[in-house]
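Below is one structure, written out as structure tokens; the observations come after it.
Residue numbers run from 1 in the order of the sequence given.
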Amino acid sequence: MKIVALSAALLGSQLFVMPVSDRVPELKVEVMCKATAADDKAMGLALPQSFADCMRDETTAQEQLNTVWGTASVPVRDSCEGEAKAGGSQSYVDLLTCIQMAEWAKSPSTATRLRGASKNRNSQ
């Protein structure tokens, strides 16, 4: 009897656990932002990105990802997560951009579609 109750409790609790792929992954963006700020400073850029600005961009992208993550397909999420972690740097901005581009490629708006030439162009 105790085994049945324990099994039911464990199975019931799994119904309420969100699968890992349904959540935006946790990325360690601080390392990338520190490196970006240091690289920009070392290169003497006229408008270097500060660590604070980088973190603000990453936080904003993470917030936007929270709204679009569930609507993206699992293959797109997996592919984009791999790209966002490529090369050892991790970025929510890269992850968001990848998902947005994949969604755009899947169904570009009619305003940006190119049309072919009409055979009857001169007949009107």
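Atoms CG and CD, from Asp78 and Glu83 in turn, are 12.0 Å apart once rounded to the nearest 0.5 Å. Remark: Gln62 CD to Ser91 OG distance equals 11.0 Å, nearest 0.5 Å.
Shown here for Ser50 and Ala37, the closest heavy-atom pair between the two residues is C-CB, 4.1 Å. Across all their heavy atoms, Asp40 and Pro48 have their closest contact at CB-CB, 3.6 Å. Residues Trp69 and Arg77 approach most closely at CE2-CD, 3.2 Å, considering heavy atoms.
A disulfide bond (SG atoms under 2.5 Å apart) check over residues 46-84, counting only residues at least two apart or in different chains, returns the pairs Cys33-Cys54, Cys80-Cys98.
At least one donor-acceptor pair under 3.5 Å links the side chain of Thr36 to the backbone N or O of Met32. Tyr92 places no side-chain N or O within donor-acceptor distance of the main-chain N or O of Leu65, the cut-off being under 3.5 Å. Judged by distance alone, with hydrogens and angles left aside, the side-chain atoms of Thr71 form a donor-acceptor pair with the main-chain N or O of Val68 at under 3.5 Å. The backbone N or O of Gln64 sits less than 3.5 Å from a side-chain atom of Thr67, completing a donor-acceptor pair.
Glu58 has its side chain out of reach of Glu30: every pair of non-hydrogen atoms, C-beta onward, lies at least 4.5 Å apart. Using a 4.5 Å cut-off on side-chain heavy atoms (C-beta onward), Ile99 and Trp104 make no contact.
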Evaluate the criterion side chain to side chain contact (heavy atoms under 4.5 Å, CB included) for residue pair Asp57 and Gln49; output intermediate values, then yes/no. CA-CA 10 Å; Asp57 291 346; Gln49 185 176 34; 2.9 Å; yes

Would Val29 and Met55 satisfy side chain to side chain contact (heavy atoms under 4.5 Å, CB included), going step by step from the backbone distance to the final call? CA-CA 7 Å; Val29 298; Met55 288 300 296; 3.9 Å; yes

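For Glu81, the salt bridge (charged side-chain N to carboxylate O under 4.0 Å, His left out) partners at least two apart in sequence or on another chain are Lys85.
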